[in-house]
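Per chain, numbering begins at 1; letters A, B, ... match sequence-line order. Just so you know, these numbers come straight off a predicted model, no measurement behind them.
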Protein chains: 2
Amino acid sequence: MELRQLRYFIKSAELLNFTVAAHNLYISQSTLSQQIKQLEDELGMPLFDRIGKRVRLTEAGSQFLPFARLTLSDAESGRAVIDDLKGLKTGELRIGVTYGLSTLLTPVLVQFSAQYPEVKIIVEFGTSEDLLDKLKSTRVDFLLSFLELQDNDMFISQRLYESPLTLVVHPSNPVADKKSIAIKDLKDIPLVLPAKGFHTRHFLNQALAENNVQPNIKMELNDINTLLQLVETGNFCTIMTVAAAKGRQTLKTIPIKGLNVISQASITWPKDSYRKKAALVFTEMIKKQMK
Amino acid sequence: MELRQLRYFIKSAELLNFTVAAHNLYISQSTLSQQIKQLEDELGMPLFDRIGKRVRLTEAGSQFLPFARLTLSDAESGRAVIDDLKGLKTGELRIGVTYGLSTLLTPVLVQFSAQYPEVKIIVEFGTSEDLLDKLKSTRVDFLLSFLELQDNDMFISQRLYESPLTLVVHPSNPVADKKSIAIKDLKDIPLVLPAKGFHTRHFLNQALAENNVQPNIKMELNDINTLLQLVETGNFCTIMTVAAAKGRQTLKTIPIKGLNVISQASITWPKDSYRKKAALVFTEMIKKQMK
DNA sequence: TTACATCCATTGATAAAACCGATTTAGAAA
DNA sequence: TTTCTAAATCGGTTTTATCAATGGATGTAA
């Protein structure tokens with residue numbers, strides 16, 4: 001049993017497709033096949049069922065998987081400890097972010113990178129489920145998201161701030177003069193909204209349904225940046241958290257009366273695992289810049 | 001970084017002598033040297049200081065060590081989970097025992113081995129400190145000892161039973177007829193006692209000192225079995241826990257009045273780590289046979 | 001001080017094994 | 001049926017883990 005084999009096993013278990021997994025691991029399919037077989041031989045039990053051309057985890061495989069993950073994660077923590085001793089002169093920092101928080105992230109990215117140029121930063125955008133998956137398998141060090149999960153066995157959250165949903169408009173837009181807008185009036189405003197899968201959209205849908213409002217949705221897209229660019233043309237408005245719209249000086253936010261959906265931005269850590277110094281420093285920067 | 005290298009590193013860190021460590025690992029010294037170097041290169045920091053012909057852990061090495069241990073331990077747990085799925089038809093069971101409890105252990109060893117002949121059992125005798133060390137580095141699955149440690153971060157104990165210290169004699173010995181004996185009278189009886197390092201001896205010394213009794217110690221030895229054989233000659237008596245003397249039908253135990261030292265036998269587990277089925281079954285057998 | 005023993009690093013050679021491309025095998029799909 | 005696709009297997013190549021022998025450095029005993 002070697003860490004290499006555990007890495008191979010985990011990827012294969014995640015993708016349930018040796019060919020794709022091998023490609024992902026930058027090895028050949030035959031190598032992967034052999035290494036898995038070797039691991040199975042050593043353990044004395046198959047980890048995968050080969051049903052025809054499909055593979056799926058055996059009972060043994062499912063039971064083994066969390067331990068394989070744990071093993072690899074501990075090894076990574078060991079590496080992180082060493083990196084930390086180098087005083088942030090090296091190492092990697094992997095951050096998982098929901099799209100809506102990119103505006104919060106960017107200035108800190110710039111600041112951190114300037115202060116610790118030797119630390120390589122990998123930012124992973126994704127939906128909440130994607131990100132939780134990545135956190136679980138320690139492919140990111142922490143999450144920046146609107147997830148509100150009660151602390152459980154695997155994760156622990158720190159609240160950052162609350163951000164209400166708001167209407168975002170360009171000054172040239174007719175609506176731009178209003179001090180606030182009633183939720184009912186949303187039906188008359190041409191909207192471009194974040195696509196399904198965005199937490200914002202999820203909350204919004206719920207609130208609109210409760211108020212029996214049929215919004216006038218012109219477009220849905222899954223990239224906040226593009227979405228805001230569309231709003232900047234003055235032709236559309238959008239609805240998102242105040243935090244997400246922040247930093248776009250050209251745009252205006254208008255409170256929506258009666259829409260009391262508030263997103264809770266938070267940092268989520270894996271429980272019981274080493275927090276590398278780079279991650280701690282980074283999150284502190286985030287907390288600081290919010291003030 | 002591979003598990004093999006972590007294994008090498010841990011052993012080297014424990015022994016602080018590459019030559020001996022290599023011998024222990026059944027590899028050549030040059031191999032060990034190279035593998036350590038390779039690990040250090042990958043981590044980007046030396047794990048050992050080479051001062052002349054000595055080696056010692058660097059700061060990085062000390063910090064890395066617990067993670068290396070954790071990593072290996074998790075990998076072992078993974079293996080154990082698989083073994084458990086085989087229904088005790090395979091695998092290893094490593095038991096740490098203090099000498100005084102061997103008599104408790106033996107019948108269970110016989111029973112377990114008969115019931116699960118496929119499970120290989122390794123019994124490690126040792127002093128309490130030895131055993132705790134082994135438990136810490138997961139070289140045994142659990143301990144059977146008289147250690148009374150309050151539950152802490154690393155270990156958790158289950159009480160088994162209390163066993164008072166008692167005088168053990170052969171029927172041919174003049175003392176054998178007495179129903180009980182006063183602690184003061186111990187000074188007249190030729191004793192062979194467990195050597196220093198045995199918890200029994202530790203407690204006994206304390207009790208004798210408290211009562212101002214100078215015992216007549218003829219011999220000290222660090223093997224309970226030999227000790228009892230000496231007692232069986234009828235020439236000597238000994239003092240140990242009732243439990244330790246149990247099973248020697250030829251010998252008689254005589255309560256010592258005024259000696260209220262009671263040893264607490266217990267099972268000690270590492271906290272937060274997987275308990276293999278074989279270990280659970282075995283400890284249940286122990287609990288059962290005590291009734 | 002010299003000679004010796006001990007310990008780790010290095011070297012060069014060898015055996016092991018990780019890896020790959022090509023091919024085979026076997027379900028699934030057409 | 002044929003075709004397609006995914007995993008296993010085969011033969012060969014490269015990599016690397018390993019060893020014995022050696023060198024260098026450092027304590028130790030004469």
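- In this structure, I51(A) atom CD1 and dA8(D) atom C1' are separated by 16 Å, rounded to whole Å.
- There is no side-chain donor-acceptor pair under 3.5 Å between S145(B) and S128(B).
- Across the interface with DNA chain D, nearest-nucleotide mapping of L16(A) and I27(B) shows L16(A) to be the residue nearer the 5′ end.
- Nearest to the side-chain atoms of K37(A) among the listed nucleotides dA8(D), dA20(D), dT9(D) stands dT9(D).
- The NE2-C1' distance, from H23(B) to dC19(D), rounds to 14 Å in whole Å.
- Residue S28(B) has its side chain nearest to dC19(D) when only dA17(D), dA7(D), dC19(D) are considered.
- Here dA17(C) presents its P atom at 16 Å from CE of M1(A), a figure rounded to the nearest Å.
- The side chain of Q34(A) contributes no N or O atom lying less than 4.0 Å from OP1 or OP2 of dC20(C).
- The distance between atom CD of Q35(B) and atom C1' of dC19(D), rounded to the nearest whole Å, is 13 Å.
- The two residues E124(A) and L131(A) make their nearest non-hydrogen contact at O-CD2, 3.5 Å.
- Here Y26(B) lies in heavy-atom contact (under 4.0 Å) with sugar-phosphate atoms only.
- Contact between the side-chain N/O atoms of N17(A) and the OP1/OP2 oxygens of dA7(D) is found at a separation under 4.0 Å.
- For L32(A) and dC20(C), the CG to P distance is 10 Å, given to the nearest whole Å.
- What separates CG of L39(B) from P of dA9(C) is a distance of 13 Å, to the nearest Å.
- In this structure, CG of L6(B) is placed 13 Å from P of dA17(D), rounded to the nearest angstrom.
- Rounded to an integer number of Å, the gap from CZ of R54(A) to C1' of dA8(D) is 18 Å.
- In this structure, F64(A) has its ring center under 6.0 Å from that of F9(A).
- Here the nucleotide nearest the side chain of F18(A), chosen from dA17(D), dC19(C), dA7(D), is dA7(D).
- A donor-acceptor contact under 3.5 angstrom links the side-chain atoms of Q29(B) to the base of dA9(C).
- Here the shortest heavy-atom pairing between I95(A) and F282(A) reads CD1-CZ, 3.5 Å.
- Each of dC20(C), dC8(C), dA8(D) was ranked by its minimum atom distance to the side chain of T19(B); first place goes to dC8(C).
- If you check every strand for non-hydrogen atoms under 4.0 Å, R4(B) touches sugar and phosphate atoms only.
- Formation of a donor-acceptor pair under 3.5 Å by the Q63(B) side chain with backbone atoms of A60(B) is not found in this model.
- Distances from the side chain of T31(B) to the nucleotides dT18(D), dA17(D), dC8(C) place dT18(D) closest.
- A sub-4.0 Å separation between OP1 or OP2 of dC7(C) and a side-chain N or O of R50(B) is absent.
- Comparing atom distances between the S30(B) side chain and each of dA21(D), dC20(C), dA7(D) picks out dA21(D) as nearest.
- Using modelled atom types and a 3.5 Å distance limit, the side chains of S33(B) and S30(B) yield no donor-acceptor pair.
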